[in-house]
Amino acid sequence: MSLSASRTRKFSVYASFLLSLSLLLLITGCTDYKQLKTDLLQAVAKQEQVTSYQFKGSIELKADPSLLGATSPFTATLFAFLKDSKIDYNGLTAMDPAQLEANFKVTPSGGTVMDIPVLIKENKLFFRIPALNKDDEYLVFPITGKTSPAAGSTEALKNTNHLTSTIYDQLLNGINAEWLQTSKDPVTLADGTITKRITLDINNKNEQAFNSIWKQAIPGFTELLKSNGLASTASIDGWQTALKEVQFRAPSSLEFLIDNQGFIHEQKWSLTFSANGSTNENHLLWTQSLSELNKAPVFTKEIPTKQKSLEDLLKLVKPAPAAKKP
């Protein structure tokens with residue numbers, strides 16, 4: 001074989017190899033899935049560093065009656081009001097001291113729009129429901145965290161970011177990195193922030209595996225709720241049973257927009273799921289965006305002068321006594 005022929009053959013081999021490699025990269029992409037998962041987990045952990053922010057979001061719910069299960073007449077009425085609804089909300093919050101101002105707008109399908117102002121200040125939650133309160137009258141609920149000595153603080157909301165980050169980590173840490181997707185180009189938010197999109201896609205191929213991860217994470221979730229004073233020891237079993245009955249269905253997705261510093265600025269959760277042993281599907285679409293991270297918020301709302309104890313409301317949610325058998 002001549003030198004020229006040998007070089008030609010080598011060139012053909014190299015060309016074929018490079019062409020095959022190019023086709024392989026074109027088909028499979030060159031995404032570093034492990035790095036995507038690392039970036040996502042780091043962003044989740046970094047949310048603990050956010051001490052104040054403005055927020056805006058919405059929740060759209062399409063719920064099947066099977067989602068509710070057995071409950072009190074008041075809760076059943078409330079569920080009927082919310083099961084096909086959209087909730088828009090916006091506000092601002094700070095963690096130390098814990099304070100929040102927000103407005104919720106509930107739009108039920110075919111019903112009357114309801115505006116619910118919310119205030120958290122001086123370890124108390126104030127909110128006004130037009131159907132239950134008179135003008136300028138607010139329900140008040142103490143959130144001093146006295147039921148949670150382990151929290152080490154009288155302000156139950158101080159641990160909110162830690163609690164959220166830990167729950168996210170317990171769930172997302174177990175996923176397969178190859179379930180994650182990212183957009184080729186960065187996403188620019190309305191305020192000019194440049195972000196990267198990372199999406200967890202739940203499809204027919206990984207639906208069963210994701211539900212297994214979900215069930216494994218539930219004991220950790222409920223223990224966190226207990227240790228942060230958000231669930232009593234007596235209610236833990238009920239929480240675990242209810243959460244384990246949730247089965248996520250394809251197509252579902254969790255989307256995160258993360259800035260160059262690693263902070264999550266926007267989330268979009270599109271979930272299809274069943275519950276309580278039923279195969280009927282429920283649909284939830286939640287979007288939330290954060291801005292003005294760690295900038296001093298300007299609060300304007302004062303503590304309401306007209307207050308009503310939440311005990312009066314709890315009387316309405318007390319289950320009706322069981323009918324006596326003849």
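Just so it is clear, the values below take in all heavy atoms, side chains as well, and ignore hydrogens, waters and symmetry mates.
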Do Phe104 and Phe55 sit in the same hydrophobic cluster, where Ile, Leu, Val, Met, Phe, Trp and Tyr count as joined when their side-chain heavy atoms come under 4.5 Å apart?
-> yes
Residues pairing under salt bridge (charged side-chain N to carboxylate O under 4.0 Å, His left out) where one sits in residues 266-289, two or more places apart or in two chains, turn out to be none
CG of Leu180 to CG of Leu36, rounded to nearest 0.5 Å, is 6.0 Å
Does Leu163 share a hydrophobic cluster with Tyr53, counting links as ILVMFWY side-chain heavy atoms below 4.5 Å and allowing steps through other members? yes
Of all heavy-atom pairs linking Pro117 and Lys301, the shortest is CB-NZ, 4.0 Å
So ring-ring contact (aromatic ring centres under 6.0 Å, His included) across residues 177-215, not counting sequence neighbours, yields Phe210-Phe248, Trp214-Phe221, Trp214-Phe248
Min side-chain heavy-atom separation Leu290-Ile264 under 4.5 Å | no
Q) Is any side-chain heavy atom of Phe256 closer than 4.5 Å to a side-chain heavy atom of Leu40? A) yes
*asked:* Looking at Gly57, is its backbone amide N or carbonyl O close enough to the side chain of Gln288 to form a donor-acceptor pair, meaning the two atoms are under 3.5 Å apart?
replied: no
Would you say that more than 12 heavy atoms from the other residues, nucleotides or ligands in this model lie under 6.0 Å from the NZ of Lys124, or not? no
So, Asn103 side chain and Asn90 main chain: donor-acceptor pair closer than 3.5 Å or not? no
I want to check something: taking the side chain as every heavy atom from C-beta on, are Gln267 and Tyr168 in contact at a cut-off of under 4.5 Å? yes
Item to complete: May I ask you to test the Glu101-Phe299 pair for a side-chain heavy-atom distance under 4.5 Å?
Response: yes
So CG of Leu119 and CD of Glu122: to nearest 0.5 Å the spacing works out to 9.0 Å
*Side-chain heavy atoms under 4.5 angstrom apart, residues restricted to Ile, Leu, Val, Met, Phe, Trp, Tyr: same cluster for Leu82 and Trp286?*
yes
The reported gap from OG1 in Thr287 to NZ in Lys56 (rounded to nearest 0.5 angstrom) is 9.5 Å
*asked:* Any side-chain to backbone donor/acceptor pair from Asp169 onto Ser165? Under 3.5 Å, distance only.
replied: no
(message) Taking the side chain as everything from C-beta on, heavy atoms only, tell me whether Leu293 gets closer than 4.5 Å to His265.
(response) yes
Q) Between the side chain of Ser227 and the main-chain N/O of Leu224, is any donor-acceptor distance below 3.5 Å? A) yes
request  = Indicate, with yes or no, if Phe273 and Leu285 share a hydrophobic cluster defined by side-chain heavy-atom contacts under 4.5 Å among Ile, Leu, Val, Met, Phe, Trp and Tyr.
outcome  = no
Met114 and Pro130 have their tightest heavy-atom pair at CG-CD, 3.6 Å
Please report the C-alpha distance between Gln170 and Gln216 in whole Å, then the side-chain angles of each, then the deciding distance to 0.1 Å, and finally whether the side chain to side chain contact (heavy atoms under 4.5 Å, CB included) criterion is met.
CA-CA 9 Å; Gln170 289 184 356; Gln216 291 170 10; over 6 Å; no
For Ala209, is there any backbone N or O sitting under 3.5 Å from a side-chain donor or acceptor partner on Asn206?
no
Distance col, row Thr188:OG1 vs Ile194:CD1, nearest 0.5 angstrom, shows 3.5 Å
Are Ile167 and Ile218 connected into the same hydrophobic cluster when the rule is that any two of I, L, V, M, F, W, Y join if their side-chain heavy atoms are below 4.5 Å apart? yes
So the side-chain hydrogen bond (donor to acceptor under 3.5 Å, both in side chains) pairs with at least one residue in residues 243-254 (sequence neighbours excluded) are Arg249-Ser274
Looking only at heavy atoms, the pair that brings Pro219 and Gln240 closest together is CA-NE2, 4.0 Å
Under 3.5 Å donor-acceptor pairs involving side-chain atoms of residues 131-138, not counting sequence neighbours:
residue, atom, partner, partner atom, Å
Asn133, OD1, Ile129, N, 2.9
Asn133, ND2, Glu137, OE1, 3.2
Asp135, OD1, Arg128, NH2, 3.3
Glu137, OE1, Lys134, N, 3.2

Step through the shown structure and confirm whether more than 12 heavy atoms of other residues, nucleotides or ligands are within 6.0 Å of NZ on Lys105. no
Expected output: side-chain Asp259 to main-chain Gln261 donor-acceptor under 3.5 Å = yes
Value for CD1 (Ile59) from CH2 (Trp269), rounded to nearest 0.5 Å, stands at 11.5 Å
Q) Can Asp191 and Thr193 be counted as having a side-chain donor-acceptor contact under 3.5 angstrom? A) yes
Subject >> Thr272 side chain vs His283 backbone, donor-acceptor pair below 3.5 Å >> reply: no
Residues 36-52 vs side-chain hydrogen bond (donor to acceptor under 3.5 Å, both in side chains), sequence neighbours excluded, gives Gln35-Asp39, Asp39-Lys196, Glu48-His162, Thr51-Asn294
Here the pair of heavy atoms bringing Ile175 nearest to Leu172 is CG1-O, 3.0 Å
Checking the side chain of Ser85 only, and the main-chain atoms of Thr107 only, is there a donor and an acceptor separated by less than 3.5 Å?
no
Would you say Thr199's side chain and Asp201's backbone share a donor-acceptor pair under 3.5 angstrom? no
Heavy-atom closest pair (Leu67 atom, Ala63 atom, distance to 0.1 Å) is CD2-CB, 3.8 Å
Original post:
Taking side chain as C-beta onward, heavy atoms only, is Leu189 less than 4.5 Å from Leu257?
Top reply: yes
Tightest non-hydrogen contact, residues Val118 and Phe127, listed as CG2-CB, 4.0 Å
Applying side chain to side chain contact (heavy atoms under 4.5 Å, CB included) to Thr241 and not counting sequence neighbours gives none
Determine whether Lys86 and Val106 make a side-chain contact, defined as any pair of heavy atoms from C-beta on separated by less than 4.5 Å. no
Item checked: Non-hydrogen side-chain atoms of Leu171 and Ile213 separated by less than 4.5 Å -> yes
